[in-house]
Amino acid sequence: MNNTDILEIFYNKIIPEAQKGRIDCYYIMNIAFNVIINNTEISRCENLPNGVLIPTLKITDKNTFDSLLIEYVKKALEFYRLEDFSFIDDIDLNYGEELNMTKSECLTKYIICTLFANASIEDFTNPISFIESRLEMFDNPILRTEEEIDFGYIESIKARLYISEEISPIKSETPYRIKCYLQFDDGFKLTLPEIYIGNTNTKYKLYGIQKTSKNQNEIDERPYLKQIRKGLIAKINGAPEHYFLATMICLSLCSDKEIEVIPFLIERWNAKRIAIYNKAKIYKDFSIEEKEEEQEQLQGNITDIFLRYFKKLKDVSTGMIFQAVPYEIDGNLHISMNRDFESRSIAFNELFRLADEYKNNKNNLGR
């Protein structure tokens with residue numbers, strides 16, 4: 001795929017399809033956005049259902065934007081694993097010549113769609129900075145090793161912490177994800193929620209702390225969650241303990257730069273709203289109002305809970321600073337961690353100390 005082809009696909013295929021909120025790249029991506037180039041409106045969405053929050057892609061320097069978009073597509077092809085693009089092999093098998101696009105075109109559209117699926121409203125307003133940050137994330141993992149790290153023993157929890165970092169699926173919010181587990185004194189391994197955070201070289205951008213599947217040996221986790229609680233304090237026991245612990249790990253690992261917490265991605269919201277609308281057109285007994293209300297409540301709960309982790313940890317700590325809360329300067333939470341950090345949570349203090357020791361003793365954490 002040459003440079004001209006990539007731009008041809010974006011401007012003449014993706015943008016017209018984004019007008020209708022339905023981009024065909026073998027998979028259908030429910031992505032919608034308007035486009036302005038040098039203060040001139042190029043594309044505006046039409047005939048989309050109510051409730052879709054349509055962002056506007058504002059390209060102020062087309063040459064720079066085009067160059068970065070080309071670089072991103074090529075870099076993604078090199079970076080992501082072959083299994084992320086395994087659907088390409090299915091095209092010949094399932095469609096033959098019925099698919100109205102080449103495999104290269106399909107692949108390029110898929111890469112660009114997954115890029116914008118992980119953009120905030122502010123990212124659409126500043127797409128050059130957004131793509132630059134995504135390119136930086138490719139080159140800057142959090143940990144400077146592909147090996148699993150024995151991070152140390154957490155005395156307050158009576159468990160040893162192991163951390164690793166791996167390449168995420170292309171659909172994920174960040175190129176890398178951090179995986180952690182605790183090994184308790186009796187040998188039980190408790191998997192913690194995965195941390196989706198990107199290192200842009202100037203700041204960290206945190207998109208999510210997400211639960212993995214249940215432990216496979218079906219042992220009751222509750223006694224081990226109670227063990228974690230011993231390292232916490234009553235004031236922050238307002239959500240599952242392993243989520244708080246994963247948040248502590250993230251803040252401790254990434255204390256050397258600003259952490260920007262991004263709780264809302266506009267195109268993921270739109271994809272669900274459009275899917276609800278499309279389903280309502282098929283099933284006559286489908287209550288679109290009920291499903292939209294349910295989705296709004298679910299999204300609100302997810303956002304509130306995610307931000308609550310940080311607020312509760314700040315309430316019990318000194319040296320954890322909110323530089324800006326959502327909707328002060330943008331929709332995100334901006335956090336800095338001071339060197340003199342101290343918490344009333346014993347586990348948080350232990351993790352911060354272990355991370356500090358690791359950063360001082362190893363030249364492989366961040367940049």
Side-chain angles (χ1 to χ4, degrees), residues 142-144 149-163 165 178 180-185 190 192-193 195 197 199 202-206 208-209 224-263 304-326 328-329 332-367:
I142 309 299
L143 306 176
R144 293 293 170 184
I149 300 167
D150 179 347
F151 210 63
Y153 191 77
I154 307 174
E155 185 67 37
S156 60
I157 298 176
K158 304 300 181 186
R160 185 166 289 276
L161 174 64
Y162 293 87
I163 301 177
E165 187 172 25
I178 295 174
C180 312
Y181 69 88
L182 294 172
Q183 183 163 355
F184 290 84
D185 289 346
L190 178 68
L192 298 176
I195 302 167
I197 188 167
N199 182 4
T202 57
K203 68 170 68 171
Y204 298 102
K205 301 184 80 168
L206 175 64
I209 296 174
Y224 300 97
L225 296 178
K226 290 180 181 179
Q227 191 80 355
I228 293 175
R229 194 178 304 144
K230 293 180 180 179
L232 309 182
I233 59 176
K235 192 173 181 180
I236 61 174
N237 285 342
E241 293 81 356
H242 47 338
Y243 278 91
F244 271 123
L245 190 64
T247 305
M248 291 175 182
I249 292 168
C250 175
L251 292 170
S252 299
L253 280 174
C254 301
S255 63
D256 56 307
K257 294 195 286 275
E258 178 191 331
I259 302 166
E260 184 177 357
V261 182
I262 303 167
D304 290 346
I305 291 170
F306 188 37
L307 294 175
R308 192 185 308 155
Y309 299 149
F310 302 95
K311 183 181 185 305
K312 284 182 173 287
L313 291 176
K314 179 181 180 296
D315 288 344
V316 299
S317 305
T318 57
M320 179 178 169
I321 311 299
F322 284 1
Q323 302 289 355
V325 298
E328 274 190 343
I329 58 175
N332 305 327
L333 173 63
H334 299 258
I335 301 172
S336 64
M337 304 291 290
N338 290 349
R339 292 288 302 166
D340 60 353
F341 170 84
E342 187 173 351
S343 177
R344 298 204 300 277
S345 167
I346 302 171
F348 204 175
N349 287 330
E350 288 189 81
L351 286 168
F352 200 83
R353 176 182 55 79
L354 289 171
D356 198 47
E357 290 176 358
Y358 182 78
K359 285 181 277 190
N360 289 334
N361 295 334
K362 305 282 186 181
N363 189 27
N364 61 358
L365 183 64
R367 257 191 190 177

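Keep in mind it's a predicted model, so treat the numbers as computed, not measured. FYI, the numbering just counts along the sequence from 1. Every heavy atom of this structure was used, including side-chain atoms; hydrogens, water molecules and symmetry mates were not.
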**Request:** Scan for salt bridge (charged side-chain N to carboxylate O under 4.0 Å, His left out) pairs involving residues 149-160, sequence neighbours excluded, and state none if there are none.
**Result:**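 The answer is D150-R160, E155-K158.
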Drop me the distance from [X]'s [atom1] to [Y]'s [atom2], to the nearest 0.5 angstrom.
X: I209; Y: I178; atom1: CD1; atom2: CD1; value: 9.5 Å
X: M337; Y: L251; atom1: CE; atom2: CG; value: 5.0 Å
X: S345; Y: D315; atom1: OG; atom2: CG; value: 13.0 Å
X: C250; Y: I335; atom1: SG; atom2: CD1; value: 8.5 Å
X: L232; Y: I157; atom1: CG; atom2: CD1; value: 6.5 Å
X: I149; Y: L354; atom1: CD1; atom2: CG; value: 12.0 Å

**Request:** For C254, check side-chain contact (heavy atoms from CB on, under 4.5 Å) against everything at least two apart and list the hits.
**Result:**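 Here the qualifying residues are I142, I197, Y204, I259.
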**Message:** I'd like to check the side-chain contact (heavy atoms from CB on, under 4.5 Å) partners of I329; sequence neighbours left out, ordered by chain and number.
**Reply:**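 side-chain contact (heavy atoms from CB on, under 4.5 Å) check on I329 returns A324, H334.
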**Item:** Set of side chain to side chain donor-acceptor pair (under 3.5 Å) partners for D185, sequence neighbours left out
**Value:**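 Listed in chain order: Y153.
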Are the side chains of [X] and [Y] in touch, meaning some heavy atoms are under 4.5 Å apart?
X: L253; Y: I195; value: no
X: S255; Y: K359; value: yes
X: K257; Y: N199; value: yes
X: I228; Y: I154; value: no
X: L225; Y: L190; value: yes
X: L351; Y: L245; value: yes

Shortest non-hydrogen contact from [X] to [Y]?
X: P193; Y: A246; value: O-CB, 4.0 Å
X: D340; Y: G319; value: OD1-CA, 4.3 Å
X: S252; Y: A355; value: O-CB, 3.4 Å

**Prompt:** Can you check side-chain contact (heavy atoms from CB on, under 4.5 Å) on L206 and L333, steps first, answer last?
**Reply:** CA-CA 10 Å; L206 175 64; L333 173 63; over 6 Å; no
**Prompt:** Could you walk me through whether D356 and R339 pass the side-chain contact (heavy atoms from CB on, under 4.5 Å) check?
**Reply:** CA-CA 9 Å; D356 198 47; R339 292 288 302 166; 2.7 Å; yes
**NZ or CZ of K314 within 45° of F322 ring axis and under 6.0 Å** = yes
**Request:** Let me know which of Y162, Y181, Y358 forms a ring-ring contact (aromatic ring centres under 6.0 Å, His included) with F151.
**Result:**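 Looking at Y162, Y181, Y358, the match for F151 under the ring-ring contact (aromatic ring centres under 6.0 Å, His included) is Y358.
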**Item:** Those residues that, when tested against F184, pass ring pair (Phe, Tyr, Trp, His ring centres under 6.0 Å) (two or more places apart)
**Value:**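 Residues passing ring pair (Phe, Tyr, Trp, His ring centres under 6.0 Å) with F184: Y224.
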**Asked** With F341, which residues qualify under ring pair (Phe, Tyr, Trp, His ring centres under 6.0 Å), at least two apart?
**Response**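 Result, ring pair (Phe, Tyr, Trp, His ring centres under 6.0 Å) vs F341: F348, F352.
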**Message:** Applying side-chain contact (heavy atoms from CB on, under 4.5 Å) to V325 and F310, what does each step give before you reach the verdict?
**Reply:** CA-CA 11 Å; V325 298; F310 302 95; over 6 Å; no
**Asked** Does the pair N332 and V261 meet the rule for a side-chain contact (heavy atoms from CB on, under 4.5 Å), with working shown?
**Response** CA-CA 6 Å; N332 305 327; V261 182; 5.9 Å; no
**Prompt:** For the side chain of N349 and the backbone of E342, is there at least one donor-acceptor N/O pair under 3.5 Å apart?
**Reply:**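 Not at all, since once roles are kept as given, no pair shorter than 3.5 Å links the two residues.
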